[in-house]
Amino acid sequence: MPEGPSIVLAKEATSQFIGKKVLSTGGNSKIDKERVLNKKVTDIRSWGKHLLICFSGFTLRIHFMLFGTYLVNMRKENEARLSLEFVNGELNLYACSIKILEGSVDQYYDWSGDVMNDAWDRKKALAKLRGMPETMVCDALLDQDIFAGVGNIIKNEVLYKLYIHPESLVGRIPPAKLRKLVDEARDYSFDFLRWKRNFELKKYWLAHTRKDCLRCELPLTKKYLGKTRRRSFFCNNCQVLYI
DNA sequence: AGTCATGTTGACGA
DNA sequence: CTCGTCAACATGAC
């Protein structure tokens, strides 16, 4: 569920509720549900891994974390975190973190930092990377202040595709390579979106959860790396360690 | 059946 | 104050 492209799909799946009024609410969320009652959804947007259900004057920020899911016009057995009923259907959100953002949503987000957004700015991302030369690239890719929307799968795939060892230091990666990294983080995210839309994402994984390198056929290494201690799959033979 | 994971926050101590 | 570590949350896949 959680990486940026999946949130774009969630945005698409829920767009039918834009302009519709909330007729009733339910669920075990601790937010003030009265707040949205009889209010009209003005927009549904996304930023990185956040799904944003906008109302006049405030926004519901949905973060699905690791296990969160949503259903449109369907329900699960267990109680939803938040249910919103509209005249044309219902939206059920499960196991997610929900927060109300007061005021204009624009004041909370820099849209140019979201790899899926039209406003994505590669130059800003590059500038941020240049300001953290000692950071491991596996951590930098997961930094939502630089690559909002990039998650662990995208991280592993991008590094594998570009032959970059995950423990490489950002400041040691040649400039041309670093530019490619920034662009691939976005490009791969759109590949991810297309594949996920067709329910064939896993088919295209080159490194993530795989046993052997498709290039040299040696076994891939699986290790928990960086400050983030996230699972990394990489080829010790093909991926260059810039250090 | 037990383990693990596409994620993040907050508490706590050094 | 900042850093590292750990627990917490919660569910489906294998």
Side-chain angles (χ1 to χ4, degrees), chain A residues 1-13 26-31 46-52 60-71 74-83 92-101 108-110 113-116 131-132 134-161 166-167 184-211 220-234:
Chain A
M1 190 48 237
E3 299 195 32
S6 301
I7 306 304
V8 170
L9 292 175
K11 179 170 65 173
E12 292 176 7
N28 55 25
S29 170
K30 290 190 188 103
I31 65 154
S46 64
W47 179 87
K49 299 165 189 171
H50 299 192
L51 179 67
L52 303 164
L60 291 185
R61 188 207 69 179
I62 317 297
H63 198 304
F64 291 103
M65 312 303 284
L66 210 49
F67 310 124
T69 52
Y70 65 93
L71 287 173
M74 286 186 289
R75 290 177 190 189
K76 296 214 237 185
E77 294 266 327
N78 49 327
E79 192 186 12
R81 175 63 35 80
L82 182 67
S83 297
N92 295 302
L93 304 162
Y94 301 90
C96 52
S97 157
I98 302 179
K99 196 180 166 188
I100 293 180
L101 304 179
Y108 294 91
Y109 294 104
D110 175 3
D114 175 3
V115 295
M116 300 306 294
M132 47 195 297
E134 300 304 312
T135 303
M136 279 187 193
V137 68
C138 59
D139 287 332
L141 275 170
L142 292 175
D143 188 334
Q144 300 299 293
D145 291 330
I146 307 174
F147 300 104
V150 169
N152 207 36
I153 298 171
I154 295 173
K155 175 198 82 178
N156 282 325
E157 292 299 301
V158 166
L159 292 175
Y160 182 79
K161 284 188 79 172
E167 288 181 295
E184 187 63 24
R186 174 170 163 93
D187 292 345
Y188 184 81
S189 295
F190 280 91
D191 288 340
F192 185 121
L193 172 65
R194 194 171 66 249
W195 296 329
K196 180 91 181 179
R197 197 195 297 284
N198 296 330
F199 309 103
E200 56 180 14
L201 177 64
K202 288 185 189 185
K203 195 169 90 183
Y204 292 96
W205 287 348
L206 304 177
H208 195 257
T209 72
R210 292 191 70 108
K211 282 206 122 47
L220 289 179
T221 305
K222 171 190 163 185
K223 224 171 173 180
Y224 295 81
L225 298 180
K227 290 187 176 169
T228 46
R229 311 297 304 169
R230 299 297 301 281
R231 204 161 61 138
S232 291
F233 294 88
F234 58 98

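A note on names: the letters A, B, ... follow the listed sequences, proteins ahead of strands, and every chain is numbered from 1.
With sequence neighbours excluded, no residue forms a salt bridge (charged side-chain N to carboxylate O under 4.0 Å, His left out) with A:E79. Shown here are the salt bridge (charged side-chain N to carboxylate O under 4.0 Å, His left out) partners of A:R229, two or more places apart in sequence or in another chain: there are none. Qualifying side chain to side chain contact (heavy atoms under 4.5 Å, CB included) partners for A:M132, counting only residues two or more places apart in sequence or in other chains: A:T135, A:A140, A:D143, A:I146. For A:R197, the side-chain hydrogen bond (donor to acceptor under 3.5 Å, both in side chains) partners at least two apart in sequence or on another chain are A:E12. For A:K211, there are no salt bridge (charged side-chain N to carboxylate O under 4.0 Å, His left out) partners, not counting sequence neighbours. Taking the salt bridge (charged side-chain N to carboxylate O under 4.0 Å, His left out) definition, one finds that A:E134 meets it with nothing, sequence neighbours left out. The side chain to side chain contact (heavy atoms under 4.5 Å, CB included) test applied to A:D191 returns A:K161, A:Y188, A:R194, A:W195, not counting sequence neighbours.
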> Could you write nucleotides 8-14 of chain C as a row of B, S and -, 5' to 3', where a protein heavy atom under 4.0 Å of any base atom gives B, of only sugar-phosphate atoms gives S, and otherwise -?
Replying inline: --BBS-S
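Among the atoms of the strands shown, none is found under 4.0 Å from any heavy atom of A:K99.
For the contact set between residues 147-161 of chain A and DNA chain B, defined by any heavy atom under 4.0 Å, the members are A:G151, A:N152, A:I153. Non-hydrogen atoms lying under 4.0 Å from DNA chain B are contributed by A:Q144, all within residues 138-146 of chain A.
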> Pairs counted as Watson-Crick or G-U wobble with both distances under 3.5 Å: what dot-bracket string results for DNA chain C, using | for bases tied to another strand?
Replying inline: .||||||||.||||
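First and last contacts of DNA chain B with chain A, using any nucleotide atom under 4.0 Å from a protein heavy atom and ordered 5' to 3', fall at B:dA5 to B:dT8.
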